[in-house]
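None of the values given here were measured: they were computed from a predicted structure. Order of the sequence lines sets the chain letters (A, B, ...), proteins ahead of strands, with each chain counted from 1. Side-chain atoms are counted along with the backbone in the values below, which use heavy atoms only and exclude waters and symmetry mates.
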Number of protein chains: 2
Amino acid sequence: MTVPRPCSIADTLAVVGEKYSLLVLREVFLGVRRFDAMVRGIGAPRDVLAARLKHLVEAGVLEKVAYSERPPRHEYVPTAAGLELQGVLHLLRQWGDRHLAERPPLVLGHDCGAALDPLVVCAHCRQPVTPQSVSLPPS
Amino acid sequence: MTVPRPCSIADTLAVVGEKYSLLVLREVFLGVRRFDAMVRGIGAPRDVLAARLKHLVEAGVLEKVAYSERPPRHEYVPTAAGLELQGVLHLLRQWGDRHLAERPPLVLGHDCGAALDPLVVCAHCRQPVTPQSVSLPPS
DNA sequence: TCCCAAGGGTTGGGTTTTCAAACTCGCCCT
DNA sequence: AGGGCGAGTTTGAAAACCCAACCCTTGGGA
């Protein structure tokens, strides 16, 4: 192996793996969609946030939507592709709540009435995906 | 909001959000557990990889296990906490396969016999977690 | 015995990114 | 005219990152 492993995890991280990118998505999912509000919520330098937003828009994860012509104002909304990243954030939050426990967890609700407790299952058999239940490809 | 939002997503990203950290976990889950092999698989600079490994060990995500006394040799194996991050990698891979499609997807198998297709459900009701089915906390 | 290779890093240096603070620009309000 | 908001852009110093080269230990041939 002389060149880095080709891999869609790496490809995905090239889109959302830079510092603050996933926090931008967190804010968007929480309904925070304006530049200044994101700066405050994330605590990122303004120039870095501007660069991340541009990158995410170019990658088709967010879309810039005008909500006022004059003065020109717009907000960042997730595309369909962007919405599909919510699961990643749910899992990151769950992992932090379980293993870092530095704060009272943010409790999200699920339609069923219970607190949201995300679980990764196989879409085919609906059984949980565990390290043991996954088989690696023959190397 | 004068200070960044306190959030376990951000806390988790402080552990695994640096450049290459999730790729280290990918390699570990693929069974690649030695320094030089990781350098080749990931394509990271050796010094950066050394720093990431140290950080992941200190954070309790990986453990350094000797497999030879003389010469002193060891490998990096995931802890229980580390194993729990597999779901994140499955989702990142799935997203890349769906939206980037730059290569034939790496097909992992699931116990049920089908190709692994990860899906995030609510552990309580087993229904898929969608943007619409999750309710935000009252801000 | 001598030399080389493998494993697992460390060191020195130059190149990018980040960062925080200040600045800009258009528009609205008073 | 002055002040403020939203949304960035500029600036210059600090921190990462990248790469090549080097180090050390042990094991294996020639």
Item to check | Whole-Å gap separating C1' (C/dT17) and NE2 (A/H55) | outcome: 15 Å

Item to check | Distance below 4.0 Å between B/Y76 side-chain N/O and C/dG9 OP1 or OP2 | outcome: yes

Next on the checklist: Tell me the closest heavy-atom pair linking A/R26 and A/G41, and the distance in Å.
Outcome noted: NH2-O, 3.3 Å

Item to check | Nearest-angstrom distance from the residue atom CG of B/D36 to C1' of C/dG9 | outcome: 9 Å

Checklist entry - Under the 3.5 angstrom rule, does the side chain of A/T12 hit a backbone N or O of A/S8 as a donor-acceptor pair? => result yes

Next on the checklist: C/dG9, OP1 or OP2 - any side-chain N/O from B/H74 closer than 4.0 Å?
Outcome noted: yes

Item to check | Passing option when A/Y67 is tested against A/E75, A/R73, A/R33, A/R34 for side-chain hydrogen bond (donor to acceptor under 3.5 Å, both in side chains) | outcome: A/R34

Checklist outcome for this item: Between NZ of A/K54 and P of D/dG8 the distance, given in whole Å, is 10 Å

Checklist entry - Are any of the side-chain heavy atoms of B/E27 and B/I42 separated by less than 4.5 Å? => result yes

Checklist outcome for this item: Reading nucleotides 16-30 of chain D from 5' to 3' and marking B where a protein heavy atom lies under 4.0 Å of the base, S where only the sugar-phosphate is that close, and - otherwise, the string is -SBB------SS---

Item to check | Length of the line joining B/E75:CD and C/dG9:P, which is rounded to integer Å | outcome: 12 Å

Checklist entry - Given side chains that start at C-beta, do those of B/V24 and B/L62 come closer than 4.5 Å, heavy atoms only? => result yes

Next on the checklist: Rounding to an integer number of Å, can you tell me how far A/L53 CG sits from D/dG8 P?
Outcome noted: 7 Å

Next on the checklist: Without decimals, in angstroms, what is the distance between A/I42 CD1 and D/dA7 P?
Outcome noted: 14 Å

Item to check | Ring geometry between A/H74 and A/Y76 (parallel below 30°, tilted from 30 to 60°, perpendicular above 60°) | outcome: perpendicular

Checklist outcome for this item: A/L49 CG to C/dT17 P, in whole Å, measures 17 Å

Checklist entry - Separation of A/F35 atom CZ from D/dC5 atom C1', in whole Å? => result 14 Å

